[in-house]
Amino acid sequence: MELEKELNSQQLKAVLNSENSLLIFAGAGSGKTRVLTYKIAYLIKERGIDPFGILAITFTNKAASEMKKRVIDLVGRVGEYMWVSTFHSFCARLLRREISRFGYNEKFIIYDSDESLKLISRCITDTGYDLKMVSPKSVQETISTSKNKLIDHESFIKRAFDPFEKIVARIFPLYQDELHKANALDFDDLLFLTVRLLKDNPDVKEKYQNQFQYILVDEFQDTNLVQNELILLLYNGSNKIFVVGDDDQSIYSWRGAEISNIINFDKNFSNTIVIKLEQNYRSTKFILDAANELIKNNYSRSKKKLWTQSHAGELISKFRAQNEQEEAKFVAKKIRDIIAGKNKKSFKDFAIFYRTNAQSRAIEEVFIRENIPYRIFGGLKFYDRKEIKDMLAYLKLMSNPKDIISLTRVVNVPARGIGNTTISHIEKFSQNNGITFCEAFYDIEKINTVSPSTRQKIRDFISILDNLRDYLDNHTIEETIEELWEKTSYIKELAIENTIESLNRIDNLKEFLTVIKEFEESHNSIEENAKLSLHDFLQEISLVSEVDNYDEDADTVTLMTLHNAKGLEFPIVFIVGLEEGIFPHVRSITGGYDDVEEERRLCYVGITRAKEKVFLTSSILHYIYGDQRERLISRFIGEIPDELFIDENKATSLLYSSEETGNYTVNKKSVFQFSKNHPERYSKQESRSVDMFSTKSKDSKKSDNSGFKKEKDFLNFKVGDLVEHKLWGNGEILRAKKSVDDLELDVVFKSVGLKKILASVAPIKKIQ
DNA sequence: AAACGGGAAGAGTTT
DNA sequence: CTTCCCGTTT
């Protein structure tokens, strides 16, 4: 290990310093993974730290296993004893050992958001509310936020003030109770209970404080209150803390991430120093310039500037399409062109990022038609598919018979004559007798409101489960699944259905089997603790994210949301849908200023993923709820100086002139032409508040003699007019809205993009 | 009990 | 345009 050769001076400092609590400000692409890896290797090899005493928290499981692998490459197999995982996996692992203190069984299962939502819905109904009046989603959100602030249901009740909170105050305790009865935890409980465990049990706390001599946390800017609390509990002042973060890449405030965790770092830990990594090794200069220029527009951020020694590289590109299809086609065409070029690029060098999962569809459709191989991350995840969830429900039920959500999910899947009537009879019986639904279900003989024939069906179902449980004792999970298919006729029913959809489901199930097989194999070989139990398998499945399954060897284009893109890098990056209302998202625009700043950081994250080339695309028309609406170009495009852009609308010679778009040709005037053909589209705009902005001063009211607007003729501006602005040059009016005695205009300028201005004060004139 | 159809609501990002 | 829920029919 030749640290001096491998690291720059700041990186080296971060690796070698073992005296202080360290806060590393690591800009995008500044080699923080490298620093983390070398740091750990250095600790083990040079400082003689026991790997078992090292805790490293990463943002994804994939990052965790990668880091582990790299460390093992450097230090050998002793590295396997490190604790490297996400917060959630760490907590699950800890609770596995200690949860009995809370009256849970160590075989607890983890409910994903869907399952938790179902349980919440049950609780709402049980409390006597109507699901239409009390939205399960809002309740779930409120409970989740509460747990993430370390407020349990008892404290919540005390501080519930508004009517909605009062309602949640009734549901929250019930929900916790139901979770407990089902021996289940939701995602937030994992963190919440771990914190409580350490708080309430000094002996446990001390045990882990002593074990973890070094605590390293990656992506610290995205930690929330509970997570910070957890770290603080593990810290006793004599062990060491090392965190890495970048405030410009903080994109999870909606999930409770607290930037104050960074700000208060020096108060929370002793003897702190800050090290900044500002040299970027990933991107070419133009890309970095664009990212820097963009992020400069954020008010709240610490001062820093990424720099690079890299060559200028290629300018970034922008393209404004007519609609989503054309936008997707542009992406496809560019990919094809670049691959055909001499830079020897293949599909896996490309990534396409978007703001919302739904946006992947347009791209997908075009890629299928044009035969471009791709993989989508997020959206409808593999494990979210009905058939897979059914399998997991069966498995969960085998592992934990108290799992009411899984039981109700599969009790009649495939249909076996145990329908809603029966379920509500059991429900009623359990309520009347003060027992849980599951208890009533397994004791079906006592419920004589259920007909004998139905009771027989339930007995059959229960014995299927029992038999599968026995079967698992001397078979692998894979074999047990096959047995499950056999005994429930699950596959058979799908085959009989014989639709494209059902056959597709069979394929997915076979893939599921492969996943399980690989899982079992890999775990048996790597980990010594021999036989992987079903329970371990389920825990891991609950906590994997889609990105964890990313396989960099497959030669396909990658499609994912910008949030998922964090921590990854690609030679060529497309960000699509750069439109006001999409990115930045409407909900951020109508929210506070902070929200738009977070969107901007998200865009920054996207751009800085690219090593060689960035494309920012948008389209004029966009479908929402099956309704086509026009969209203004995103402000983020306007915030990046024009000198850094290649305008593909000009540069590309008419890619898409023909079929769908009629006479439409792509050139620099595309925006203008469109609105002239469809002026009526702009008239149905509702009133929107005008984000005031500051050209109104000086020379506005007094007309100077340059011809820029005077007196009352400003009322003559209308949608579609081409105008010249004193500072920004030519633009086109996209919207005009009368206010009391003025005209609010949305104008797209060639130089700066979209601006909102008041006709009476802005220095603009009409161009003939 | 299951299948079908009409109507309403809905998609912001995730462990 | 989708998905989900509910009421109706078989």
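Quick note on labels: first sequence line is chain A, next is B, and so on, each numbered from 1. Quantities reported herein were computed from a predicted structural model and do not represent experimental measurements.
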Q. Arg587(A) has an atom CZ; how far is it from atom P of dA11(B), in whole Å?
A. 10 Å
Q: May I ask you to check whether Phe583(A) and Phe636(A) place their ring centres under 6.0 Å from each other?
A: yes
Q) Quick one: does Ile352(A)'s side chain get under 4.5 Å of Val557(A)'s, heavy atoms only? A) yes
Q: Using whole Å, report how far CD of Glu493(A) lies from P of dA2(B).
A: 11 Å
**Q.** Nearest-angstrom distance, C1' atom, dA11(B) to dC6(C)
**A.** 22 Å
(Q) What is the separation between atom CZ on Phe353(A) and atom C1' on dG12(B), rounded to the nearest whole Å? (A) 18 Å
Q. Can you check the His622(A) NE2 to dA11(B) C1' distance for me, whole Å?
A. 11 Å
Q | Cation-pi geometry met for Arg122(A) and Phe437(A) (6.0 Å, 45°) | A | yes
Q) How long is the line joining CZ of Arg601(A) and C1' of dT13(B), in whole Å? A) 13 Å
Q | Whole-Å distance separating the CG atom of Asp627(A) from the P atom of dA11(B) | A | 17 Å
Q) If you pin Phe187(A) and Lys457(A) to their nearest nucleotides in DNA chain B, which one's is more 5'? A) Lys457(A)
Q: Report yes if a side-chain nitrogen or oxygen of Thr422(A) is closer than 4.0 Å to either non-bridging phosphate oxygen (OP1 or OP2) of dA1(B); otherwise report no.
A: yes
Q.
Please determine whether a side-chain nitrogen or oxygen atom of Asn420(A) lies at a distance below 4.0 Å from atom OP1 or OP2 of dA2(B).
A. no
(Q) So, OP1 or OP2 of dT14(B): does either fall under 4.0 Å of a side-chain N or O from Thr561(A)? (A) yes
**Q.** Closest-nucleotide ordering on DNA chain B, the 5'-leading residue of Ile418(A) and Trp254(A)
**A.** Ile418(A)
Q.
Looking only at the aromatic ring of each residue, does the gap between the centers of Phe102(A) and His180(A) stay below 6.0 angstrom?
A. no
Q: Please report, rounded to the nearest Å, how far the P atom of dA9(B) is from the CG atom of Leu131(A).
A: 15 Å
(Q) Nearest to the His585(A) side chain among dT2(C), dT14(B), dG12(B), which nucleotide is it? (A) dG12(B)
Q. When you check the phosphate oxygens OP1 and OP2 of dT14(B), does a side-chain N or O of Ser113(A) lie under 4.0 Å from one of them?
A. no
Q | Criterion side chain to side chain donor-acceptor pair (under 3.5 Å) against Lys147(A), the qualifying member of Asp152(A), Asp188(A), Asp189(A) | A | Asp189(A)
Q: Report yes if a donor N or O on one partner sits less than 3.5 Å from an acceptor N or O on the other, where the partners are the side chain of Gln359(A) and the base of dG12(B); otherwise report no.
A: no
Q) Below 4.0 angstrom from OP1 or OP2 of dT15(B), is there any side-chain N or O of Asn148(A)? A) no
Q.
Under 3.5 Å for both donor-acceptor distances, Watson-Crick or wobble: does dC1(C) have a partner, and if so which one?
A. dG10(B)
Q) Is Asn357(A) near enough to dA11(B) that one of its side-chain N or O atoms lies under 4.0 angstrom from OP1 or OP2? A) no
Q | Protein-nucleotide distance (Arg416(A), atom CZ; dA1(B), atom P), rounded to Å | A | 14 Å
Q.
Distance check, C1' atoms only: dC4(C) and dT13(B), in whole angstrom units.
A. 23 Å
Q. What do the steps show when you test Glu579(A) against Ser618(A) for side-chain hydrogen bond (donor to acceptor under 3.5 Å, both in side chains), and what is the final call?
A. CA-CA 6 Å; Glu579(A) 294 133 40; Ser618(A) 65; 4.9 Å; no
